[in-house]
Every structure is written in structure tokens, then in C-alpha cells.
Enquirer: 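If you scroll down you'll find the structure; I have some questions about it.
Just the heavy atoms: all of them, side chains too, but no hydrogens, waters or symmetry mates, feed the values below. Keep in mind it's a predicted model, so treat the numbers as computed, not measured.
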Amino acid sequence: LITAIFFLWLAIPHIKAFGLTSVVEETHVQFEKTTNGNTPILQGEKVTARVQTSEENFGVVLVRFVKVGNGSDTVIFRLKKEGEKNWYYENKYFGGNFQNNSYYPFGFKPLANSQNNSYIIEFESFGGTTKNGVRISSVKPQIAYVYTFSKQNLSDISTLTTFGFKKALYVLSNV
């Protein structure tokens with residue numbers, strides 16, 4: 001009982017951020033940049049990655065960034081299913097809002113049938129320079145995905161076990 005209470009206490013920040021029925025899954029991906037180097041994403045440059053989802057209702061991508069200068073660049077985040085022509089989601093974000101080496105959430109309408117699919121994510125700089133912009137952090141893991149489990153699905157013991165394991169793994173690895 002004390003262990004369960006302690007675990008719930010550790011999980012409170014995660015629950016507040018994403019909800020009781022969500023899980024965060026940290027993973028490793030290979031980011032590819034238009035140009036090489038550990039420089040900021042320069043104006044017109046793109047950084048892309050192929051991401052593989054493991055659950056249904058994929059609705060948030062968390063990415064770690066580092067600001068160069070004050071980070072005052074506008075970054076476009078895009079998401080599409082691999083092989084599709086059109087982007088499912090696209091929005092602009094102000095790089096000055098990113099916190100160095102901390103996850104920044106890029107949320108979109110959850111994808112109901114996302115389990116075991118591949119998606120392409122892309123970041124494009126509107127005005128990054130070598131002295132002022134953002135870059136992907138080198139802190140690992142650089143990316144995580146957020147899935148929302150429905151209360152109905154959690155009545156299935158297999159799904160509940162997966163949910164509990166992933167929730168516990170994230171909470172314990174981020175204490």
C-alpha cells in the first residue's frame with residue numbers, strides 16, 4: 001500500500017500534464033538535418049525523423065531542444081503518416097518558448113488507429129541563424145510519444161497491463 005501511494009505521488013506531475021489515462025513512451029530516433037553539424041536549424045533548413053508508434057491514440061510528440069541565443073525563431077512542426085503525400089498536422093511554434101534540454105509538447109488531434117504505424121515528423125526554421133535559433137538537444141532520449149488510453153480499453157487486462165507497465169517505466173525513469 002505504501003509503495004502504491006508513493007508511486008501515485010511520483011506520477012502526479014505526469015498525470016497533471018497529460019491526464020490520468022495517458023502514457024509517455026521515451027524512445028530513440030535518428031534526426032536528419034538538411035545540413036550536417038550541431039548548429040541551430042537555419043532559416044529554410046529542415047530536421048526530419050521517422051517515428052514508429054506502439055499504441056493507439058497517438059496525440060503528442062515531445063522533443064528536447066536547445067536555444068541558441070534567445071531562441072527567437074519560428075519553427076514549423078509537421079506530422080504525416082509515412083508514405084502519404086499530405087501532412088496530417090502542421091503548426092508554427094516560437095522557439096523562445098522552448099526550455100533547454102526539456103521536452104516541448106507538440107500536440108495534435110489523437111490518431112485513433114496509430115498502433116504500429118510509421119510517421120514522419122519535420123521541423124522547419126523560419127528565421128534561424130548561427131547566433132539565434134534552436135537545435136535538437138543531444139540529451140537522450142531526445143523524443144517521446146504520448147498515447148491516451150480510453151477507459152473502455154483499460155477494462156481489457158492485456159491493455160491495462162501494457163498501460164501500467166509504460167506508466168510506471170516513465171515515472172520511475174524520470175523521478
Side-chain angles (χ1 to χ4, degrees), residues 1-33 46-66 75-91 93 97-123 134 136-175:
L1 179 64
I2 292 173
T3 303
I5 292 169
F6 181 68
F7 176 76
L8 286 172
W9 178 74
L10 291 175
I12 287 172
H14 168 73
I15 292 167
K16 283 183 178 180
F18 301 109
L20 182 62
T21 60
S22 68
V23 294
V24 177
E25 181 178 53
E26 293 178 308
T27 188
H28 299 282
V29 300
Q30 182 67 41
F31 285 96
E32 296 179 14
K33 190 174 172 206
K46 297 176 183 176
V47 173
T48 60
R50 179 184 169 274
V51 301
Q52 181 70 39
T53 57
S54 65
E55 302 296 337
E56 304 292 2
N57 299 311
F58 170 47
V60 178
V61 174
L62 304 169
V63 180
R64 295 182 201 267
F65 286 91
V66 171
V75 177
I76 301 174
F77 167 73
R78 297 181 181 105
L79 170 86
K80 69 178 176 180
K81 190 171 182 181
E82 188 173 36
E84 291 187 359
K85 183 179 176 182
N86 297 322
W87 295 101
Y88 169 76
Y89 178 82
E90 181 175 324
N91 202 0
Y93 297 84
N97 291 334
F98 300 167
Q99 299 299 313
N100 288 336
N101 300 313
S102 295
Y103 283 129
Y104 188 87
F106 297 91
F108 43 90
K109 183 179 178 188
L111 298 161
N113 298 310
S114 59
Q115 188 172 24
N116 298 323
N117 286 317
S118 295
Y119 295 90
I120 303 298
I121 62 169
E122 179 178 273
F123 298 97
V134 298
I136 303 292
S137 171
S138 58
V139 172
K140 306 285 184 185
Q142 298 165 308
I143 193 167
Y145 318 133
V146 180
Y147 306 100
T148 303
F149 286 72
S150 71
K151 291 176 184 171
Q152 180 183 3
N153 287 347
L154 290 175
S155 63
D156 173 66
I157 191 68
S158 175
T159 303
L160 182 61
T161 302
T162 299
F163 169 81
F165 176 76
K166 288 184 177 185
K167 177 83 89 177
L169 181 63
Y170 179 75
V171 169
L172 294 175
S173 65
N174 286 280
V175 172

Enquirer: What residues form a ring pair (Phe, Tyr, Trp, His ring centres under 6.0 Å) with Phe98, not counting sequence neighbours?
Expert: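 Ring pair (Phe, Tyr, Trp, His ring centres under 6.0 Å) check on Phe98 returns Phe65, Tyr104.
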
Enquirer: Might you point out which heavy atoms bring Arg64 and Pro141 nearest each other, and give the distance in Å?
Expert: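 Nearest heavy atoms, Arg64 then Pro141: NE-O, 2.5 Å.
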
Enquirer: If you look at every heavy atom in Ile136 and Val47, which pair is closest and at what distance?
Expert: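 Between these two residues, the closest heavy atoms are CG1-CG1, 4.0 Å.
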
Enquirer: Can a side-chain donor-acceptor contact be found between Ser54 and Gln115 if the only test is distance below 3.5 angstrom?
Expert: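 No.
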
Enquirer: Judged by atom type as modelled, is there a donor-acceptor pair below 3.5 Å linking the side chain of Thr162 to the main-chain atoms of Ser158?
Expert: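 Yes.
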
Enquirer: Are the side chain of Ser114 and the backbone N or O of Phe58 linked by a donor-acceptor pair below 3.5 Å?
Expert: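 Yes, because the side chain of Ser114 sits within donor-acceptor range (under 3.5 Å) of the backbone of Phe58.
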
Enquirer: Could you verify whether a donor N or O on one side chain and an acceptor N or O on the other, from Ser118 and Gln52, lie under 3.5 Å apart?
Expert: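 Judged by distance alone, the side chains do pair up.
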
Enquirer: Check Tyr89, Phe123, Tyr119 against Phe106 for a ring pair (Phe, Tyr, Trp, His ring centres under 6.0 Å) and give me the one that passes.
Expert: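 Single pass found, and it is Phe123.
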
Enquirer: Could you report the tightest heavy-atom contact between Thr161 and Ile157, atom names first, then the distance?
Expert: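 In this case the closest contact between Thr161 and Ile157 is OG1-O, 2.7 Å.
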
Enquirer: For Ser102, enumerate each residue passing the side-chain hydrogen bond (donor to acceptor under 3.5 Å, both in side chains) test, keeping only those at least two apart in sequence or located in another chain.
Expert: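 If we apply the side-chain hydrogen bond (donor to acceptor under 3.5 Å, both in side chains) test to Ser102, skipping adjacent residues, there are no hits.
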
Enquirer: Hydrogens and angles aside, do Tyr147 and Glu25 bring a side-chain donor and acceptor to less than 3.5 Å of each other?
Expert: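 Looking only at side-chain atoms, Glu25 and Tyr147 do form a donor-acceptor pair, the distance falling under 3.5 Å.
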
Enquirer: Tell me, please, which residues at least two apart from Tyr88 pass side chain to side chain contact (heavy atoms under 4.5 Å, CB included).
Expert: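 For Tyr88 the side chain to side chain contact (heavy atoms under 4.5 Å, CB included) partners, ignoring immediate neighbours, are Leu79, Phe108, Lys109, Leu111.
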
Enquirer: Quick one: pull up OG in Ser138 and CZ in Phe31 and give me the separation to the nearest 0.5 Å.
Expert: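 Here the interatomic distance stands at 12.0 Å.
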
Enquirer: Do Val23 and Tyr145 make a side-chain contact, defined as non-hydrogen atoms from C-beta onward lying under 4.5 Å apart?
Expert: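 A side-chain contact is absent here, since even the closest heavy-atom pair is not under 4.5 Å.
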
Enquirer: Between atom CD of Gln142 and atom OG1 of Thr27, what is the distance when rounded to the nearest 0.5 Å?
Expert: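 One finds 11.0 Å between CD of Gln142 and OG1 of Thr27.
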
Enquirer: Please check if any side-chain donor atom of Glu26 sits under 3.5 Å from a side-chain acceptor atom of Tyr103, or the reverse.
Expert: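 Looking only at side-chain atoms, Tyr103 and Glu26 do form a donor-acceptor pair, the distance falling under 3.5 Å.
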
Enquirer: Between Glu90 and Ile76, what is the shortest heavy-atom contact and its length?
Expert: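 Shortest heavy-atom separation between Glu90 and Ile76 comes out as CG-CG2, 3.7 Å.
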
Enquirer: side-chain hydrogen bond (donor to acceptor under 3.5 Å, both in side chains) with Glu55: which residues, sequence neighbours excluded?
Expert: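 Glu55: side-chain hydrogen bond (donor to acceptor under 3.5 Å, both in side chains) contacts with Lys166.
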
Enquirer: Report the residues that fulfil side-chain hydrogen bond (donor to acceptor under 3.5 Å, both in side chains) with Asn153, sequence neighbours left out, ordered by chain and then residue number.
Expert: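 For Asn153 the side-chain hydrogen bond (donor to acceptor under 3.5 Å, both in side chains) partners, ignoring immediate neighbours, are Ser150.
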
Enquirer: Please list all pairs passing the salt bridge (charged side-chain N to carboxylate O under 4.0 Å, His left out) test where one or both residues lie in residues 80-89, with sequence neighbours left out.
Expert: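 Those involving residues 80-89 are Arg50-Glu82.
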
Enquirer: Looking just at side-chain N and O atoms, do Thr53 and Asn117 make a donor-acceptor pair shorter than 3.5 Å?
Expert: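 Looking only at side-chain atoms, Asn117 and Thr53 do not form any donor-acceptor pair under 3.5 Å.
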
Enquirer: Are the side chains of Leu62 and Ile143 in contact, using a 4.5 Å heavy-atom criterion?
Expert: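 When only atoms from C-beta onward are counted, Leu62 and Ile143 do not touch, as no gap falls below 4.5 Å.
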
Enquirer: Mind checking the OG1-CD1 spacing from Thr48 to Ile121? Nearest 0.5 Å is all I need.
Expert: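 Going from OG1 on Thr48 over to CD1 on Ile121, the span is 8.5 Å.
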
Enquirer: Search all heavy atoms of Val29 against all heavy atoms of Val51 and return the closest pair with its distance.
Expert: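 For Val29 versus Val51, the nearest heavy atoms are CG1-CG1, 4.1 Å.
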
